[in-house]
Visitor: 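Quick one: structure below, then a few questions.
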Amino acid sequence: MRTVRRLWSVAISFGIVLAAAFPSALAVDTGGWYASLSLPDFALADKWQTPVWAAVYAADVATLSSLFYRGEKGLALILPISGGALNAFWCYVFFRLNSLPASIIVLSIILVGSAVGSFLNFRKNNFAAAIFLLKSVWFSYLLAVSASICAP
């Protein structure tokens, strides 16, 4: 019974993450406007972007499945699900609307949600708390890259 419950948790989590990752991928356009940006020296090379994002999405599946398996409800589930939706929105704002200020706002909201998720799960689900913390680091990095592009 536990194995079935775990498999359902993973399947549902995979579906939710795929529902956010697919529109995110469709919104990404690294030609034109993006190619003209002056990225900071600390920006990851393009060849590393896909593997890092794949790891982020895999971590999302692992976190959500852990939360589902433990029967979490409320904010514990709302934060990662809304974070995925906001990530898709950020891709659209950054890559399609080409709005750096708006993308910084969206990234800041995602970052706060990840930090709150880590704090809320610290005592009851250390795994989820650690993943939320790692995601906070990743979104802090994206925020720094975006902010440095905006800086003259």
Side-chain angles (χ1 to χ4, degrees), residues 2-28 34 39-97 99-151:
R2 293 167 95 186
T3 303
V4 171
R5 183 175 174 186
R6 186 168 304 276
L7 288 173
W8 272 111
S9 298
V10 171
I12 292 167
S13 300
F14 186 78
I16 290 170
V17 171
L18 187 60
F22 185 69
S24 296
L26 291 177
V28 172
Y34 180 80
L39 297 175
D41 292 337
F42 62 87
L44 284 177
D46 287 343
K47 69 179 180 180
W48 293 107
Q49 293 293 334
T50 299
V52 170
W53 276 109
V56 168
Y57 290 130
D60 284 344
V61 170
T63 303
L64 275 174
S65 63
S66 172
L67 293 170
F68 280 129
Y69 182 75
R70 292 172 175 255
E72 298 291 338
K73 294 177 176 54
L75 198 57
L77 287 177
I78 291 170
L79 284 172
I81 293 170
S82 63
L86 282 169
N87 183 58
F89 182 64
W90 170 76
C91 288
Y92 178 76
V93 167
F94 185 82
F95 290 103
R96 295 297 174 169
L97 298 181
S99 177
L100 286 167
S103 72
I104 288 172
I105 292 169
V106 175
L107 285 171
S108 298
I109 294 168
I110 296 170
L111 176 59
V112 168
S114 293
V116 168
S118 183
F119 178 76
L120 289 177
N121 284 289
F122 182 71
R123 291 190 180 203
K124 57 185 173 182
N125 189 336
N126 290 334
F127 175 76
I131 297 298
F132 275 118
L133 185 61
L134 288 173
K135 285 189 66 169
S136 295
V137 171
W138 173 244
F139 284 104
S140 293
Y141 160 77
L142 291 176
L143 189 59
V145 169
S146 296
S148 69
I149 294 169
C150 282

Visitor: Hey, are the side chains of N87 and F139 touching, using non-hydrogen atoms and a 4.5 Å cut-off?
Guide: yes
Visitor: Indicate the atoms forming the closest heavy-atom contact of A27 with R96, along with that distance.
Guide: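 Smallest interatomic distance, heavy atoms only, reads O-NE, 3.0 Å.
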Visitor: Show the nearest heavy-atom pair for residues S148 and F42, with the distance to one decimal.
Guide: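 For S148 versus F42, the nearest heavy atoms are OG-CZ, 4.0 Å.
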Visitor: Going by heavy atoms in the side chains, are Y57 and S24 under 4.5 Å from each other?
Guide: yes
Visitor: Quick one: do Y69 and N125 satisfy side chain to side chain donor-acceptor pair (under 3.5 Å)? Show the steps, please.
Guide: CA-CA 11 Å; Y69 182 75; N125 189 336; over 6 Å; no
Visitor: With rounding to the nearest 0.5 angstrom, report the CG to CG distance, L111 to L86.
Guide: 12.0 Å
Visitor: List the atom of A62, the atom of S65, and the distance in Å for their closest heavy-atom pair.
Guide: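 Smallest interatomic distance, heavy atoms only, reads O-OG, 3.0 Å.
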Visitor: Between K135 and I110, is there a side-chain heavy-atom distance shorter than 4.5 Å?
Guide: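 No; the side chains remain at least 4.5 Å from each other.
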Visitor: Report yes if some heavy atom in the side chain of E72 is under 4.5 Å from a heavy atom in the side chain of K124; otherwise report no.
Guide: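 E72 reaches K124 side chain to side chain.
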Visitor: What distance do L107 atom CG and L100 atom CG have between them, rounded to the nearest 0.5 Å?
Guide: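 The CG atom of L107 sits 10.0 Å away from the CG atom of L100.
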Visitor: Once you round to the nearest 0.5 Å, how far does CG of L142 lie from OG of S103?
Guide: 9.5 Å
Visitor: CD1/I12 to CZ/F68 distance, rounded to the nearest 0.5 angstrom?
Guide: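 These two atoms lie 6.0 Å from each other.
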Visitor: Drop me the distance from T50's OG1 to L44's CG, to the nearest 0.5 angstrom.
Guide: 11.0 Å
Visitor: Can you give me the closest heavy-atom contact between R5 and G71, atom names plus distance?
Guide: NH2-N, 3.7 Å
Visitor: Quick check: does any side chain N or O of S140 sit under 3.5 Å from a backbone N or O of S136, one acting as donor and the other as acceptor?
Guide: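 Checking the backbone N and O of S136 against the side chain of S140, a donor-acceptor pair under 3.5 Å is found.
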Visitor: Would you call the rings of Y34 and F95 parallel, tilted or perpendicular, taking 30° and 60° as the class edges?
Guide: tilted
Visitor: Side chain to side chain contact (heavy atoms under 4.5 Å, CB included) between I81 and L64: does it pass, once the steps are laid out?
Guide: CA-CA 8 Å; I81 293 170; L64 275 174; 4.0 Å; yes
Visitor: In Å, rounded to the nearest 0.5 Å, how long is the span from CD1 of I104 to CG of L143?
Guide: 6.5 Å
Visitor: Can you name the nearest heavy-atom pair linking P80 to F132, along with the distance?
Guide: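 Distance-wise, the nearest heavy atoms are CD-CZ, 3.7 Å.
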